[in-house]
Amino acid sequence: MIKDDLISLVRQATQAAQTAGDLPAFDLPAVVVDHPKNPEHGDYATNIALQSARAARLAPLRIAEQIVKHWPPADFVGRVSVAPPGFINIALDDRWLAHQVAVIQANPATYGNSNAGCGRKAQVEFVSANPTGPLTIGHAWGAVLGDTIANLLTATGWDVTREYYFNNGGRQMRLLGESLQVRCLELLGDRRPIPPDGYRGDYLRWVAATLYAEYGDALAEKDVDFFRNKAVDAIFANIRSTLDRLGIRFDVYYNELDLYYNGKIEAAVKALANSGYAYEKDGAVWLRATELGLKQDRVIIKSSGEPTYRMPDIAYHVDKLERGFEYIVDIFGADHHATWPDVLAGVRALGYNTDGIKVILHQFITLMREGQEVKMSTRRGEFVTIDELLDDITTEAIPGKDVMRFMLLTRSPDSPMTFDMDLAVKQSSENPVYYVQYGHARICSILRKAAEEGFTPEAYADGDLSLLTHPSELALLRRMVALPEVIATAAEQLAPHQLSGYATDLATQFHLFYRDCRVLSSDPADRELTKARLRLCDAARIVLARTLGLMGVSAPERM
RNA sequence: GCCCCCGUAGCUCAGCGGACAGAGCAGCAGACUUCUAAUCUGACGGUCGCAGGUUCGAUUCCUGCCGGGGGCGCCA
């Protein structure tokens with residue numbers, strides 16, 4: 001990667017200057033290379049001279065000058081210069097930049113990928129909603145974050161498993177079954193109230209109608225288990241279909257109940273008891289979380305003998321580790337912030353290292369409709385489903401998931417977001433996602449037109465890239481070659497929202513190139529330049545499509 | 001009371017300790033006989049919540065305060 005190469009060049013240059021006696025001996029601090037905000041300062045900059053000033057007992061400018069003087073040659077580096085108060089600015093070489101088109105064209109499916117993961121096993125757990133109702137806007141963010149993080153990890157060399165953890169037993173589920181039973185009996189003319197804390201959403205009416213069509217009056221004889229199972233089946237079918245619309249497919253659906261059946265919870269309880277990290281008090285079993293660095297101890301087995309939610313969660317994470325996942329990413333809503341430290345503490349108490357487990361908490365989405373905040377509750381049946389929203393923002397040309405995914409990937413998960421439905425629907429034609437997709441469609445249009453005029457991919461394959469010297473061509477190339485770094489950083493920081501900003505920048509640079517540089521020309525004198533620019537267009541298309549692909553957003557060829 | 005997140009342009013939000021703080025939308029003024037105007041150009045718009053501290057240098061790190069959201073169960 002460019003940045004890493006530059007860091008090593010800075011080190012080499014500094015050592016060379018020291019060996020030559022142009023700089024005194026001093027310990028080099030960690031070299032930081034980043035992008036200056038002002039493009040006039042070049043593509044990269046390092047503050048190494050400023051940081052070293054004290055240790056070297058020299059003015060930063062003097063240090064910078066000596067480092068530049070001893071800068072080793074490198075094909076990708078153009079101008080290296082010093083700027084007050086002591087920055088070293090580095091520009092990429094124009095010829096090298098132009099040549100990257102060939103590199104990109106040679107690797108259309110993998111350009112930008114790296115191998116930080118070295119094929120090791122990673123797991124991303126997300127959505128994990130219990131099947132009590134349809135997926136709502138509240139689930140959308142975690143869904144998109146998880147899937148995109150999984151894409152990023154795959155692109156950086158991890159062997160990724162997408163996993164959905166759920167529980168279809170327990171009190172919640174019994175209430176669900178009872179609620180469906182009430183809806184079914186309603187259809188038979190037997191009116192009863194929905195139990196307190198039951199599920200009042202209309203979706204159970206639809207399930208009831210389906211069941212009535214199949215079973216008719218026989219429904220009167222069925223027990224709660226029957227209704228619970230039917231409700232779970234129907235709701236899961238709905239959830240899967242919603243996920244499918246979002247472009248999300250899980251590798252594993254993991255049922256919490258299995259942890260009871262296969263004895264893993266019991267085993268974890270025993271192990272905790274033996275570890276000394278569990279003790280009895282008030283008839284319950286407590287986890288000695290305070291011994292593990294937390295504020296208070298927590299109940300893991302209630303006095304009724306039932307485990308609390310922490311127990312299966314602990315056993316589940318142990319199971320993840322035992323399945324060989326070296327990197328585990330959990331995506332939760334902000335309401336889980338107080339719970340996961342307990343769970344990880346339990347895992348540690350069992351002797352496992354939890355360093356490989358990362359938790360991403362996203363804030364909540366406040367939904368606004370007609371200027372009013374919509375308070376959502378699955379139990380009360382008050383919510384806006386992902387399906388409904390997708391229906392609203394889908395157009396003839398573009399599926400709603402593109403808008404939703406892109407939108408949710410423009411914000412940091414840390415930032416609470418308000419989602420104005422009226423605005424989302426109304427402004428959908430001015431949504432940034434269309435800006436990026438339009439850039440892709442525009443390129444495809446040029447390439448189509450070119451082919452009609454005889455410039456097929458084969459015909460322009462030998463285009464001379466050294467002809468790409470226009471400032472707008474170079475600006476576009478600069479954004480394109482940043483993809484490997486963007487992917488690496490977004491993956492490492494588990495910050496998929498960085499992709500949307502990059503995609504927008506890239507599209508902007510293409511639109512500016514399009515404005516400034518005519519690609520197709522009927523003048524035979526322009527033939528070679530046209531071929532070079534077609535190669536550039538093709539490479540830009542590849543990079544744009546890869547970026548959109550990582551976000552799970554489609555790259556349309558026409559709009 | 002304690003814990004987590006947020007407070008940046010009218011609105012929604014980017015911004016990895018650096019060099020004059022950015023984008024989109026809204027609003028204003030312009031550009032289609034030319035490869036897609038879902039585009040482009042220009043102007044406008046900001047005491048980066050407040051106050052201290054660390055640093056050569058702070059929107060960024062630390063502390064306190066003020067606002068907003070979410071948590072602090074033998075619910076999940």
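Every chain is numbered from 1 and lettered A, B, ... according to where its sequence line falls, protein lines coming before strand lines.
With a 4.5 Å cut-off on side-chain heavy atoms, Asp330(A) and Lys358(A) do not count as touching.
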What is the per-nucleotide protein-contact pattern of nucleotides 68-76 of chain B, from the 5' end, where B denotes a base atom under 4.0 Å from a protein heavy atom, S denotes such proximity for sugar-phosphate atoms only, and - denotes neither?
-BBSSSBSB

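Screening residues 287-298 of chain A for side chain to side chain donor-acceptor pair (under 3.5 Å) gives Tyr279(A)-Asp297(A), Thr290(A)-Asp297(A), Arg298(A)-Asp342(A) as the qualifying pairs, with residues at least two apart or on separate chains.
A salt bridge is absent between Glu452(A) and Lys449(A): the closest approach of a Lys/Arg side-chain nitrogen to an acidic carboxylate oxygen does not fall below 4.0 angstrom. With respect to Glu125(A) and Lys320(A), a salt bridge is recorded, a charged nitrogen being found less than 4.0 Å from a carboxylate O. Asp313(A) and Arg310(A) are not joined by a salt bridge, as no carboxylate oxygen comes within less than 4.0 angstrom of a charged side-chain nitrogen.
Within a heavy-atom distance below 4.0 Å of RNA chain B, the residues of residues 443-455 of chain A found are Ser445(A), Ile446(A), Lys449(A). Within residues 500-532 of chain A, the residues that place at least one heavy atom under 4.0 Å from RNA chain B are, in residue-number order, His511(A), Leu512(A), Tyr514(A), Arg515(A), Cys517(A), Arg518(A), Val519(A), Leu520(A).
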Nucleotides 58-61 of chain B: which of its N/O atoms have a protein N/O under 3.5 Å away?
unit_1  : atom_1 : unit_2   : atom_2 : d
rU59(B) : O4     : Lys37(A) : NZ     : 3.2

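With ring centers used as reference points, Phe166(A) lies 6.0 Å or more from Tyr254(A).
Heavy-atom nearest nucleotides on RNA chain B were determined for Ser412(A) and for Ile398(A), and the one closer to the 5' end corresponds to Ser412(A).
In this structure, Tyr435(A) reaches the sugar-phosphate backbone alone: every heavy-atom distance under 4.0 Å involves primed, P, OP1 or OP2 atoms, never a base.
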Under the 3.5 Å Watson-Crick or G-U criterion, the dot-bracket string of RNA chain B, with | for inter-strand pairs
(((((((..((((....[...))))..((((.......))))......(((((..]....))))))))))))....

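Residue Thr418(A) places at least one side-chain N or O under 4.0 Å from the OP1 or OP2 atom of rC13(B).
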